[in-house]
> 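One structure, as structure tokens, below. Some questions next.
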Amino acid sequence: MEGLRIVEHPVLARAVTVLRAAETTREEFRVALEEASWTLAYEALRDIPVEEVEVETPLERTTGARLARPVMVVAILRAGLGMVNGFLRHVPDAAIAHIGMRRNEETLQPEGYYESLPAGVAESAVFVVDPMLATGGSAIAALRRLRAAGAEDLRLVCLVAAPEGVRAVREAEPEVPILAAALDRQLDERGYIRPGLGDAGDRIFGTE
Ligand code: PRP
Ligand code: URA
């Protein structure tokens with residue numbers, strides 16, 4: 001689908017399969033989510049700008065690289081928290097923002113309940129993370145909030161996306177690239193992604 005990049009990697013495919021399986025324990029789920037997020041983050045960070053720097057090796061001076069702009073990871077609560085460490089393993093000094101959003105189970109509309117945005121949104125390469133892109137309502141609300149806070153360089157990183165959510169985000173935010181590990185078949189009548197992996201937040205936090 002236009003605007004969506006599916007990351008294909010054996011390690012990621014294995015982790016997604018562990019996450020999908022109903023018998024996966026909470027511990028295994030958390031470990032697999034961190035592994036998958038690490039791989040997704042590696043790919044998501046691939047095209048961020050770098051600048052040349054001089055570095056002194058024990059033997060001589062040479063040129064190296066450093067990130068040209070700060071990185072900010074925005075976790076959509078709760079489930080997005082499970083993807084933050086995957087990014088921090090690549091960019092340990094990234095700023096971390098939190099946007100609390102709960103999907104109303106009847107209307108499927110996101111309801112905001114918390115927000116913490118560090119300074120520097122406008123200057124940062126901003127990665128919005130949430131394992132599930134279902135109707136797209138939560139992601140769109142988060143992206144709009146970040147735009148209002150001055151964000152210009154935005155990306156959305158998910159684990160499992162539904163075609164309906166990808167289309168909705170594309171329509172609302174055509175400039176925002178979406179990266180995912182899997183594009184699933186469809187949403188069901190309750191707004192769950194099929195085949196999906198169930199309720200990501202519940203599986204991470206044990207609130208099933
Ligand atoms: C889930 C998921 C996304 C959202 C996706 O969160 O983590 O944030 O639903 O659905 P959408 O694309 O239709 O908006 P939920 O609201 O269940 O909250 P949780 O992370 O606290 O479980
Ligand atoms: N949120 C989830 O956690 N899972 C879905 O399938 C849809 C929304």
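Keep in mind that the numbers below use all heavy atoms, side chains included, and drop hydrogens, waters and symmetry copies. Start at 1 and go down the list; that is how both ligands and their atoms are numbered.
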> Please report whether ligand 1 has a polar contact with Ala79, defined as an N or O pair separated by less than 3.5 Å (distance criterion only).
yes

> Which protein non-hydrogen atom lies closest to atom 18 (O) of ligand 1, naming both residue and atom, and how far is it?
Met101 O, 3.8 Å

> Go through ligand 1 atom by atom and flag the ones less than 4.0 Å from a non-hydrogen atom of Asp199.
22 (O)

> For the CD atom on Glu2, are there more than 12 heavy atoms of other groups (residues, nucleotides or ligands in this structure) within a distance under 6.0 Å?
no

> The test is side chain to side chain contact (heavy atoms under 4.5 Å, CB included); show your working for Arg170 and Leu4 and say whether it passes.
CA-CA 9 Å; Arg170 286 290 296 164; Leu4 170 71; over 6 Å; no

> What protein heavy atom is closest to atom 10 (O) of ligand 1, reported as residue, atom name and distance in Å?
Arg103 CD, 3.3 Å

> Checking Leu12 against Tyr42 for the side chain to side chain contact (heavy atoms under 4.5 Å, CB included) test, could you report, in this order, the C-alpha distance in whole Å, the side-chain angles of both residues, the deciding distance, and whether it holds?
CA-CA 11 Å; Leu12 183 58; Tyr42 183 78; over 6 Å; no

> Does any N or O of ligand 1 fall below 3.5 Å from an N or O anywhere on Arg78, backbone included?
yes

> Could you state whether Leu187 and Leu108 fall into the same hydrophobic cluster, counting links through intermediate Ile, Leu, Val, Met, Phe, Trp or Tyr residues with side-chain heavy atoms under 4.5 angstrom apart?
no

> Tell me which one of Ile48, Val71, Val73 satisfies side-chain contact (heavy atoms from CB on, under 4.5 Å) with Val91.
Val71

> Take atom CD in Glu175; do more than 12 heavy atoms of anything else shown fall under 6.0 Å from it?
no

> Just jot down the ligand 1 atoms closer than 4.0 angstrom to any heavy atom of Arg102, in number order.
16 (O)

> Just which atoms of ligand 1 are under 4.0 Å from any heavy atom in Ser138?
4 (C), 8 (O), 11 (P), 14 (O)

> Under 3.5 Å, is there a donor on one side chain and an acceptor on the other for Thr207 and Arg78?
yes

> When you check ligand 2 against the protein, what N or O pairs turn up below 3.5 Å? List the atom names and distances, or just say none.
residue, atom, partner, partner atom, Å
ligand 2, 3 (O), Ala200, N, 2.9
ligand 2, 4 (N), Gly198, O, 2.8
ligand 2, 6 (O), Ile193, N, 2.8

> Please identify which atoms of ligand 1 are closer than 4.0 Å to at least one heavy atom of Gly137.
12 (O), 14 (O)

> Under 4.0 Å and counting heavy atoms only, is there anything from the protein next to atom 6 (O) of ligand 1?
no

> Would you say CD of Glu171 has more than 12 non-hydrogen atoms from neighbouring residues, nucleotides or ligands within 6.0 angstrom?
no

> Does a sphere of radius 6.0 Å around CD in Glu208 hold more than 12 heavy atoms from other residues, nucleotides or ligands, not counting ones at 6.0 Å or beyond?
yes

> Can you tell me how far CG of Asp130 sits from CE of Met101, rounded to the nearest 0.5 angstrom?
8.5 Å

> Considering only heavy atoms, which of Asp130, Val169, Ile140, Leu159 lies nearest to atom 8 (O) of ligand 1?
Asp130

> Just which atoms of ligand 1 are under 4.0 Å from any heavy atom in Gly136?
11 (P), 12 (O), 13 (O)

> CG of Leu154 to CE of Met72: how many Å apart, nearest 0.5 Å?
10.5 Å

> Check this for me: Arg61, atom CZ, are more than 12 non-hydrogen atoms of other residues, nucleotides or ligands nearer than 6.0 Å?
yes

> Within the 4.0 Å heavy-atom shell around Met132, which atoms of ligand 1 are there?
2 (C), 3 (C), 5 (C)

> Under 4.0 Å from atom 3 (C) of ligand 1, do we find at least one protein heavy atom?
yes

> Show me the pairs that pass salt bridge (Lys or Arg N to Asp or Glu O under 4.0 Å) and involve residues 4-15, at least two apart or across chains.
Arg5-Glu43, Arg14-Glu35

> Who's the nearest protein heavy-atom neighbour of atom 13 (O) of ligand 1, and how far?
Thr135 OG1, 2.6 Å

